[in-house]
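Quick notes on the structure that follows.
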Amino acid sequence: MAEDRLRELRNELDEINDDLLSLLSKRADIVQRIGQIKQARGMLTFDPEREKEQLDHLVQQNPGPFSDGAIRHLFKQIFQVSLGLQEEQRKLLVSRSRTTVDTVVSVKGIEIGGGKPIVVAGPCSVETPEQMEKVGAELQAQGILVMRGGAFKPRTSPYDFQGLGEPGLRMLKQIGQKYGMAVVSEIVSPNDVEMAIQYVDMIQVGARNMQNFELLKAVGSTRVPVLLKRGLSATIEELIYAAEYIASRGNEKIVLCERGIRTYEKATRNTLDISAVPILKQETHLPVLVDVTHSTGRKDIMTPVAKAALAVGADGVMVEVHPDPTVALSDAKQQMNFAEFESFMAELRQSHMIPDLEAIVNRG
Ligand SMILES: O=C(O)C(=O)C[C@]1(C(=O)O)C=C[C@@H](O)C=C1
């Protein structure tokens with residue numbers, strides 16, 4: 001008899017479970033629709049006031065025997081998984097799920113991400129007109145289309161060379177114009193963005209500033225291409241969210257840059273996370289460069305590492321070049337001299353990993 005009653009009650013529970021499940025699914029459907037409206041309006045998903053309103057109402061209606069605390073706990077769980085649903089469906093602007101088409105970022109007419117890998121090269125720091133003149137001529141001879149050069153240097157020690165600032169950017173621009181190259185330089189303060197865009201064709205947000213959210217918002221408010229480097233200890237997800245900060249301000253001209261991450265390995269300056277390249281290409285629609293100088297810190301392995309980066313789908317590589325690295329004011333050990341740079345370029349060309357020189361020289 002008792003057995004029958006137990007079975008009956010359990011059957012009743014099973015039916016209630018089915019009803020609850022169906023109601024929860026119905027609720028989840030509505031939650032998703034609310035999520036879409038919130039996303040379209042740029043609203044936050046989490047709404048503590050709305051949750052409190054519902055909890056207060058439910059507690060008021062609570063017929064027992066569950067305690068008010070138990071009801072609050074149960075429904076808080078429901079809100080939490082509902083939030084999870086809304087987050088899941090929220091498609092980031094930079095996310096691959098938004099488009100299958102790869103974004104091509106045009107930097108003064110030079111395309112990054114169009115299937116023709118590029119080499120971005122230049123000195124670690126802009127130092128003197130003579131140094132820049134020599135670099136400009138060398139890069140042009142090697143068919144370089146985008147030149148880098150630091151004017152604001154975030155250095156580990158405050159006593160190290162901090163860069164020339166605005167005069168350095170001016171020098172970079174002059175040399176870029178003279179030798180027909182677009183120029184990119186790092187900016188470290190949101191207050192300098194307006195000034196910098198008079199000189200540079202692409203703003204670099206460096207590794208140490210990847211989560212300087214005010215800087216991300218400031219460059220996001222411009223319409224100038226941004227080269228966003230992965231932070232020293234940043235996950236791929238954090239890099240993607242940093243890019244989203246820029247995109248959310250209306251600037252989708254973003255190029256991501258893997259530059260090595262900090263690990264226990266001492267053989268290289270940083271550990272190049274080569275898998276980040278295909279992952280970023282898969283997770284976002286943005287072009288990806290690899291900074292082979294900073295990731296390795298070693299000239300002897302720069303060529304094979306650059307080949308590896310291009311082989312896994314990077315849209316280009318970045319390298320540092322200096323007329324005389326032994327007297328460079330920053331990163332003296334890792335910058336290539338001209339002879340080293342020439343053999344680096346020759347090897348990449350011979351292995352058909354970058355377009356040959358004629359194709360570049362005749363691009364006009
Ligand atoms: O009402 C909303 O704004 C919702 O997004 C729904 C909901 C819920 O599940 O009730 C989900 C998350 C919010 O924190 C608040 C409430």
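Note that the structure is a prediction, hence the values are computed from the model and not measured. All ligand and atom numbering here is 1-based and tracks the order in the structure.
A salt bridge links E51 with K76: at least one charged nitrogen is closer than 4.0 Å to a carboxylate oxygen. Look at R10 and D14 and you find no salt bridge, because none of the NZ, NE, NH1 or NH2 atoms lies under 4.0 Å from a carboxylate O. Ion pairing between E49 and K52 fails under the 4.0 Å rule for side-chain N and carboxylate O. Ion pair E186/R148 not flagged as a salt bridge, since none of the NZ, NE, NH1 or NH2 atoms sits closer than 4.0 Å to an Asp/Glu carboxylate oxygen. In summary, E130 and K134 do not engage in a salt bridge, as defined by a charged side-chain N under 4.0 Å from a carboxylate O.
The atoms of ligand 1 that sit less than 4.0 Å from any heavy atom of F46 are 14 (O). Atoms of ligand 1 found under 4.0 Å from any heavy atom of Q86, numbered from 1 in the order shown, are 4 (C), 5 (O). Short contacts between ligand 1 and D47, defined as distances under 4.0 Å to a heavy atom of the residue, involve ligand atoms 13 (C), 14 (O), 15 (C).
The option from K38, E49, R33, E51 that lies nearest to atom 14 (O) of ligand 1, judged by heavy atoms, is E51.
Q335 places a side-chain N or O within donor-acceptor distance of the main-chain N or O of C124, the cut-off being under 3.5 Å.
At a 4.0 Å heavy-atom cut-off, ligand 1 touches T45 through the backbone alone.
Looking only at protein heavy atoms, the nearest one to atom 8 (C) of ligand 1 is R27 NH2, 3.4 Å. Ranking protein heavy atoms by distance to atom 11 (C) of ligand 1, first place goes to S82 CB, 4.2 Å. Of the protein's non-hydrogen atoms, Q54 NE2, 4.4 Å is the one closest to atom 7 (C) of ligand 1.
The CG atom of D315 sits 10.0 Å away from the CG atom of L286 when rounded to the nearest 0.5 Å.
The shortest separation from a heavy atom of I30 to ligand 1 is not under 4.0 Å, leaving the residue out of contact.
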